[in-house]
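Shown next, in structure tokens, is the structure this report addresses.
Every heavy atom of this structure was used, including side-chain atoms; hydrogens, water molecules and symmetry mates were not.
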Amino acid sequence: MNEYDEVDLRDYIEVLLRRKWIVILVTLSAIIGAAVISFFVLKPVYQAKTVLLIPKFAPAVISKSMTIEGYINLRTLTPQVFSPETYIGLLKSSSLEEKVIDILDLRKASGEKLSPDELEKMMVAEPVKGADLIEIKVESNDPKMAREIANTWTQLFIKENKESGIQNTIHSESAIKAQLEIVKRKLNEAEEKKKVFETKSKIPILEKEVSNKIDKIAEFKARLSEIDRSLKSIRAEIRIWLPELVSSEISAYESRLADIRLTQLRQEWEAKKIKEELRNQSKILVLHKSITEDQYLNQLLAELTRSKAISLSNLKLESEQVNPLYENLKQRLINLNISQDILKEEAVKLETAIMKFKELLAELSKQLSNDELEYEKLISVVNANLSKMREVQLGSLRSPMARELEKKLVNATVSIRSFLEERKQLNEDIQEYSKELEDLRAILEAERLKLTDIERAIDIAKSTYNLLSQKLEDARIASTMKTGEVRIVSLATEPKYPIKPRKKQNILISGVLGLFIGTVAAFFVDYWKKDEKKESIDEQA
């Protein structure tokens with residue numbers, strides 16, 4: 001045999017058949033009990049129903065962009081409409097319930113007066129889905145009482161709603177009149193305030209000062225633009241003049257060096273020629289002459305006697321004398337040698353100067369290669385290079401062009417400094433004027449805001465006054481439109497049949513429930529009997 005016995009559907013049917021009296025008895029008991037309670041214990045409950053038509057609900061939206069006219073129309077001309085839930089809440093108000101109780105003199109079985117809470121439990125109000133309707137249902141054991149309560153409750157609600165609308169209309173008209181007086185007073189006050197403000201206002205003076213400050217700042221900025229253009233022009237000129245100055249010095253020195261080289265060659269050739277002539281000339285010349293040709297001896301002969309003088313005059317004299325041509329050539333050669341030394345020394349100086357100038361020119365090209373070189377640094381570059389050039393320059397060789405370029409460069413640096421100082425002062429003036437302009441604008445803006453506020457208050461007051469005057473009459477005409485009346489669609493009639501208890505339904509449910517309980521009881525009893533039989537068999541064994 002398996003661990004678990006297989007159970008067939010027939011086994012269940014056999015159990016039900018064996019214990020059918022249990023199922024039948026429990027089911028019949030449940031049916032009989034439900035019938036007795038439904039027919040003899042529970043009191044019948046009757047329901048009376050009324051239907052109300054409510055105005056279509058559209059929530060009023062007040063936005064920031066809403067005009068005064070729209071707001072006044074919303075508050076004075078728009079019908080006072082509530083949501084269905086609000087109307088239901090008003091229906092269940094304690095004051096309305098107390099009036100219904102007083103009018104119908106509703107009391108309990110004990111004779112005690114019915115309370116509003118107890119009355120409210122008898123009524124159900126709910127909106128009809130998809131329609132602007134509210135159903136009011138009143139339940140009572142007395143059909144006539146259910147009808148009276150439903151109709152009285154509905155009619156009282158309609159009456160109070162209408163009276164409330166009329167009162168709202170009267171209140172709206174009174175409110176508009178009162179508001180008209182307030183707005184008129186505010187309009188007069190605003191106009192008077194504007195007159196006082198205009199007599200004391202500084203707006204024209206402030207506007208003129210602001211305009212002057214703006215013109216002055218524009219003038220400063222225009223001058224700054226001119227200075228910037230001038231500075232850029234001067235920088236471009238310096239970048240041309242300074243290399244040109246160094247190049248002109250190099251050209252002048254190279255030209256002088258070429259002249260010296262040519263002079264040295266010419267002097268060398270001349271010295272060579274003089275040396276050849278010196279070799280062909282003797283240093284001492286031997287002269288032969290008579291005694292009379294000598295000046296001193298001739299004077300001596302004049303003092304002698306004639307005979308002695310004649311005899312002495314035939315004497316010949318021989319003398320040596322330095323060759324003047326030789327001396328002249330020698331002196332020329334010495335002068336040439338001295339000139340050669342001087343020229344050689346000058347040539348060395350010129351070569352050194354040219355080399356330094358070329359180094360200076362190469363360094364200058366690097367320094368001036370930056371297109372955005374600061375002006376202060378540019379001045380330093382110009383002064384430093386001029387100073388270096390003065391250290392190298394040989395004053396006798398300076399050309400008029402170099403002097404003119406140096407003068408231009410010095411004037412350019414002076415102009416740059418002057419422009420920079422002026423630009424600095426202009427920037428300070430612009431900052432100062434801008435701050436003053438900002439302060440003036442702030443004051444002017446504050447004054448204009450005050451005037452704008454006053455004018456806005458006047459415009460609003462005028463608009464509101466005209467609008468309220470026009471809407472006062474409109475409110476009277478539209479008073480019938482704006483009460484948001486609730487109307488009765490149908491009043492309750494006396495119900496003929498109770499809605500509770502639902503006897504057939506109760507009996508049917510009780511029968512089904514009894515059948516279920518009886519079936520469970522049958523299986524339980526069968527299981528209990530089998531268990532007892534098994535225990536007795538086990539005891540006998």
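- Judged by distance alone, the side chain of Ser225 and the main-chain N or O of Lys221 form a donor-acceptor pair under 3.5 Å.
- Side chains of Glu192 and Asn188: a donor-acceptor N/O pair is absent below 3.5 angstrom, by distance only.
- In summary, Glu97 and Lys92 do not engage in a salt bridge, as defined by a charged side-chain N under 4.0 Å from a carboxylate O.
- No more than 12 heavy atoms of other residues, nucleotides or ligands sit less than 6.0 Å from atom NZ of Lys184.
- For the pair Lys356 and Glu351, the salt-bridge criterion is not met [side-chain N within less than 4.0 Å of a carboxylate O].
- Residues Arg417 and Glu376 meet the side-chain proximity criterion, which asks for heavy atoms closer than 4.5 Å.
- The closest donor-acceptor contact from the side chain of Ser233 to the backbone of Arg229 lies at 3.5 Å or more, if one exists at all.
- Side-chain contact annotation: Asn427 with Gln431, donor-acceptor N/O pair under 3.5 Å absent.
- Nearest heavy atom pair, residue Leu361 against residue Ser247, reads CD2-OG, 3.9 Å.
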Test side chain to side chain contact (heavy atoms under 4.5 Å, CB included) on Leu405 and Leu242; report intermediate values, then the result. CA-CA 8 Å; Leu405 287 172; Leu242 194 54; over 6 Å; no
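- Under 4.0 Å is where a charged nitrogen must lie from a carboxylate oxygen, and between Asp228 and Arg423 at least one such pair does.
- Across all their heavy atoms, Leu257 and Ile354 have their closest contact at CD2-CD1, 4.0 Å.
- Counting only N and O atoms by type, the side chains of Gln367 and Asn385 include a donor and acceptor under 3.5 Å apart.
- Looking only at side-chain heavy atoms (C-beta outward), Glu447 and Phe197 come within less than 4.5 Å of each other.
- Side-chain contact between Glu126 and Ile134: absent, with no pair of heavy atoms (C-beta onward) separated by less than 4.5 Å.
- A 4.5 Å side-chain heavy-atom check between Val410 and Val382 finds every atom pair outside the cut-off.
- The structure places CG of Leu336 at 10.5 Å from CD of Glu268, a figure rounded to the nearest 0.5 Å.
- Residues Tyr375 and Lys232 form a side-chain contact, since some pair of their non-hydrogen atoms from C-beta on lies under 4.5 Å apart.
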Run the side chain to side chain contact (heavy atoms under 4.5 Å, CB included) test on Val381 and Ile238 for me, step by step, so that the C-alpha distance in whole Å, both residues' side-chain angles and the decisive distance to 0.1 Å come before the verdict. CA-CA 10 Å; Val381 169; Ile238 288 175; over 6 Å; no
Side chain to side chain contact (heavy atoms under 4.5 Å, CB included) assessment of Gln267 paired with Leu343: CA-CA 10 Å; Gln267 288 181 352; Leu343 289 174; 3.5 Å; yes
Apply side chain to side chain contact (heavy atoms under 4.5 Å, CB included) to residues Arg185 and Ile182 and explain how you reach the verdict. CA-CA 5 Å; Arg185 185 172 65 254; Ile182 295 172; 4.0 Å; yes
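- Between Val124 and Ile136, every side-chain heavy-atom pair lies at or beyond the 4.5 Å cut-off.
- Within 6.0 Å of CD on Glu428 lie more than 12 heavy atoms contributed by other residues, nucleotides or ligands.
- Nearest approach of Pro243 to Leu364, heavy atoms of both residues: N-CD2, 3.7 Å.
- A salt bridge links Arg223 with Glu422; the closest basic N to acidic carboxylate O contact falls under 4.0 Å.
- Side chain of Gln340 to main chain of Gln264: a donor-acceptor pair is present (N/O by atom type, distance under 3.5 Å, no hydrogens or angles).
- Remark: Ser418 OG to Ile234 CD1 distance equals 9.0 Å, nearest 0.5 Å.
- The main-chain N or O of Asp259 is found under 3.5 Å from a side-chain atom of Thr263 such that the two form a donor-acceptor pair.
- Distance alone, capped at 3.5 Å, places no donor-acceptor pair between the Ser211 side chain and the Glu207 backbone.
- Because its NZ or CZ atom is both nearer than 6.0 Å to the ring centre of Tyr433 and within 45° of the ring axis, Lys213 counts as a cation-pi partner of that residue.
- Taking CG from Leu52 and CD from Glu135, the interatomic distance works out to 10.0 Å, rounded to the nearest 0.5 Å.
- You'll find the side chain of Leu231 reaches within 4.5 Å of the side chain of Leu420, heavy atoms only.
- Nearest heavy-atom pair across Leu378 and Arg235 is CD2-CG, 3.7 Å.
- Put simply, the side chain of Ser339 never gets that close to the backbone of Asn335: no donor and acceptor are under 3.5 Å apart.
- Ion pair Glu363/Lys388 flagged as a salt bridge, since at least one NZ, NE, NH1 or NH2 atom sits closer than 4.0 Å to an Asp/Glu carboxylate oxygen.
- At a threshold of 4.0 Å, the pair Arg390-Glu406 counts as salt-bridged, since one of the basic side-chain nitrogens sits closer than that to a carboxylate oxygen.
- Shown here for Leu350 and Ile260, the closest heavy-atom pair between the two residues is CD1-CD1, 3.3 Å.
- Checking side-chain atoms of Ser463 against main-chain N and O of Ile460 turns up no donor-acceptor pair under 3.5 Å.
- We find the CG-CD1 distance between Leu451 and Ile203 to be 5.0 Å, quoted to the nearest 0.5 Å.
- Using a distance-only test at 3.5 Å, with no hydrogens or angles considered, no donor-acceptor pair links the side chain of Ser255 to the main chain of Ser251.
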Do Lys358 and Glu254 pass the salt bridge (Lys or Arg N to Asp or Glu O under 4.0 Å) test, and can you show the C-alpha distance, the side-chain angles, and the key distance before you say yes or no? CA-CA 11 Å; Lys358 288 182 177 180; Glu254 286 179 342; 3.5 Å; yes
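- Side-chain atoms of Glu237 and Lys408, non-hydrogen and from C-beta on, never get closer than 4.5 Å to each other.
- With values rounded to the nearest 0.5 angstrom, Leu360 atom CG is found 10.5 Å from Glu249 atom CD.
- One finds the OG atom of Ser415 at 11.0 Å from the CG atom of Leu409 (value rounded to the nearest 0.5 Å).
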Do Asp453 and Arg456 pass the salt bridge (Lys or Arg N to Asp or Glu O under 4.0 Å) test, and can you show the C-alpha distance, the side-chain angles, and the key distance before you say yes or no? CA-CA 5 Å; Asp453 290 341; Arg456 186 186 296 113; 2.9 Å; yes
